Amino acid sequence: MRRQELRIPGPLGQRRRGRWRLAVQRAWVPIGRFLVDALPRAIDIVLALLVLLLTSPLLLLRVVASLLQVRRPFEFDVLLGRYRSPIHRLRFAGRGPLRGLAVWFSVLKGDLAIVGPRPLTPTEAAAVPMSDAVRFLVRPGLVSPFRVRSKVGIAHVEETALDRDFVYQQSVRGDLGLAARSLVGDLLGGGGGELEAPPMLNFFGIPILNTTMAETVDWLMDVSAPGAPVQQVAFVNPDCLNIAWGHTEYRAALLAAERVLPDGIGIHIGCRMQGVALRENVNGTDLFPLLCAAAAEQGRSLYLLGARPGIAQAAAENMQRRYSGLRIAGTRDGYFAPAEARDVVEAINASGADILLVAFGVPRQDLWLQEHRDALRPAVRMGVGGLFDFYSGRIPRAPVWMREIGLEWAYRLLQEPGRMWRRYLIGNPLFLYRVWRQGLNPERFELPPGAGTADTTPGAAT
Ligand code: UDP
């Protein structure tokens, strides 16, 4: 009888024995929640204690210095933390170094986490729309996803969007990864906020515009109106600059381009060696989706020329699926005989495209654009390297965490070691050596007259 009774389904269709399991499962939910919440906090406490312990002699000196200067050890900013509650971000009072070390007491106290969205001032917090209010569900942190990307110049997505993704996807592993990437970013020279960011960078006498992704997209929209004067654009990384070092025609093509833009972590490190700050890494691969979005909105059409047969077309179809209304005036592969160049130019002109993207690799694409400069009609022309291979899906791009620590080049090296080893393993150190030599002999590498005057304020088409 008893045995039978146990088999009678309960009101929700479970057997009695199942109820016990359900009860245990129910009890587990708050325990699980507690652990999910408590584990990151426990890690924060342990790491904060560790930092404070390891730096204790310095802390002591710093406290004494603050007390001698202003008779109190700490100062603080009042910011808004988790659930918008007021928190204190501590720093040592007075002047001098290591003031920021006191922030680890705020972590220990629980006002701040090590990883989390940037803490906001009450005014900043008031401006956060309801749709982004999820950022207040977690403790603000010393290291935010936006900050990690800013350090290597790839913060091309809005901070609020990155914070939202962070809150929804937060995990202990993710937090530790972000903290580690932040450390790597610091080792690479950080965001360079304290350094001057000149309007024009100078690598080996080639002027590179020190600008941002957003400004570049705005500028491209401004200057691609039908009938506007020609704008030739090149993206340069250390490999391009190494080629330009000894290749007279390529160097001339870069000097003739209306804009040369900084591509990659190598330029960022080169800037650090020169004691200047790179505003952003404005590379073609990250620019392309932003350009497509803006072109779709403003009715500009693109022509994609280059890569293996079918690749430009596949990239075009992918982007049209992502950005409805995007007009692709035409596509064509990059494997045609020199005798066919005239037909290719005619096809581009007949398509009525506003912006031409040429992906033949460096230096071929830039030389080709220079050779056909007068015959081509699109107002804007850009050399974009292996871009279509990525957006067609032929070659996968490095994961975001690798890009955040400036290792996209290492991923490319692993993908095609036979072709890339010379470019990266020899090219990267060679580039840094040449930057160092330029520092010894700056007068040998002066920029041509007139360079360095481009106006990069939004809407100022040069
Ligand atoms: N390519 C081309 N025609 C050629 C040689 C190369 O269209 O005659 C294409 C090639 O298929 C690839 C791109 O040019 O899509 C060059 O890629 P790479 O990775 O070398 O570009 P980079 O590293 O210079 O950006």
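Just the heavy atoms: all of them, side chains too, but no hydrogens, waters or symmetry mates, feed the values below. Computed from a predicted model, the values in this text were never measured in an experiment. Indexing begins at 1, ligand by ligand and atom by atom, following the structure's order.
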Within the 4.0 Å heavy-atom shell around [X], which atoms of ligand 1 are there?
X    : result
G385 : 13 (C), 21 (O), 22 (P), 25 (O)
G306 : 7 (O)
G361 : 13 (C), 14 (O), 16 (C), 24 (O)
R308 : 11 (O)

key: ligand 1 versus R419: contacting region, heavy-atom distance under 4.0 Å   = side chain

request  = With heavy atoms under 4.0 Å as the rule, classify the contact between A359 and ligand 1 as side chain, backbone, both or neither.
outcome  = backbone

What residue and atom, counting heavy atoms only, is the protein's closest point to [atom], and at what distance?
atom                    : value
atom 7 (O) of ligand 1  : A307 N, 2.9 Å
atom 15 (O) of ligand 1 : D389 OD2, 2.5 Å
atom 24 (O) of ligand 1 : V362 N, 3.6 Å

ask   = Can you say whether the rings of Y433 and W436 are parallel (under 30°), tilted (30 to 60°) or perpendicular (over 60°)?
value = tilted

query = Once the angle between the rings of F288 and F388 is folded into 0 to 90°, is it parallel (under 30°), tilted (30 to 60°) or perpendicular (over 60°)?
reply = tilted

message = So which atom in D263 and which in P238 form the shortest heavy-atom distance, rounded to 0.1 Å?
response = O-CD, 4.2 Å

Considering all heavy atoms, the nearest I87-P119 contact = CD1-CB, 4.4 Å

For the pair [X] and [Y], find out whether any cationic side-chain nitrogen is under 4.0 Å from an anionic carboxylate oxygen.
X    : Y    : answer
E340 : R332 : yes
D132 : R164 : yes
R412 : E408 : no
D333 : R308 : no

ask   = So is Y335 in contact with ligand 1, going by heavy-atom distances below 4.0 Å?
value = yes

task = Pick out which of L278, L261, L241, N202 makes a side-chain contact (heavy atoms from CB on, under 4.5 Å) with I208.
result = L241

Is there a polar contact between ligand 1 and [X], counting only N or O atoms under 3.5 Å apart?
X    : value
G334 : yes
G386 : yes
M420 : no

inquiry  = Among R332, R364, R412, R423, which one puts a heavy atom closest to atom 23 (O) of ligand 1?
reply    = R423

